[in-house]
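Step one of this worksheet: look at the structure below.
Because the structure is predicted, anything quoted here is derived from the model rather than measured.
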Amino acid sequence: MAFDDVKAELGLLLTRMQNEPTDKHELYLQLMEKLNELKAFGMPLPQDLVAMEKALEAEFAAEKREADDERKPARS
């Protein structure tokens with residue numbers, strides 16, 4: 001895939017993220033896929049998208065920790 005194609009797809013992805021903020025997990029997976037494509041072609045990674053990917057990872061990890069904590073039985 002040519003750099004311009006990847007760049008265009010990233011632009012569409014960002015637009016979708018603004019229009020569909022409730023589907024963060026799917027958008028995260030698409031973002032991760034596109035960043036991996038850029039890496040595979042040896043292209044520079046846009047740092048704002050890398051930061052977004054890391055922020056989403058941290059958010060999902062925090063949500064998982066909270067869910068795990070809720071499932072733990074209360075100590076008496």
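- Ion pairing between a basic and an acidic side chain is recognised when a charged N comes within 4.0 Å of a carboxylate O; Asp4 and Lys7 show no such pairing.
- Interatomic distance, Lys64 NZ to Asp68 CG, rounded to the nearest 0.5 Å: 4.0 Å.
- With rounding to the nearest 0.5 Å, the separation of CG in Leu27 from CE in Met32 is 12.5 Å.
- Side-chain contact check for Lys24 versus Glu63: some heavy-atom pair is nearer than 4.5 Å.
- Ring-centre distance between Phe3 and Phe41: not below the 6.0 Å cut-off.
- Looking at Leu13 and Leu49, their side chains never come closer than 4.5 Å, going by heavy atoms from C-beta outward.
- The aromatic rings of Tyr28 and Phe60 stand perpendicular to each other, their planes meeting at an angle above 60°, with 30° marking the opposite boundary.
- For residues 45-58, there are no salt bridge (Lys or Arg N to Asp or Glu O under 4.0 Å) pairs, not counting sequence neighbours.
- Contact annotation: the side chain of Asn36 approaches that of Lys39 to within less than 4.5 Å [non-hydrogen atoms, C-beta and beyond].
- Residues Pro44 and Leu38 share a closest heavy-atom pair of O-CD1, 4.3 Å.
- Atom-to-atom distance recorded for Glu9:CD and Glu37:CD is 6.5 Å, nearest 0.5 angstrom.
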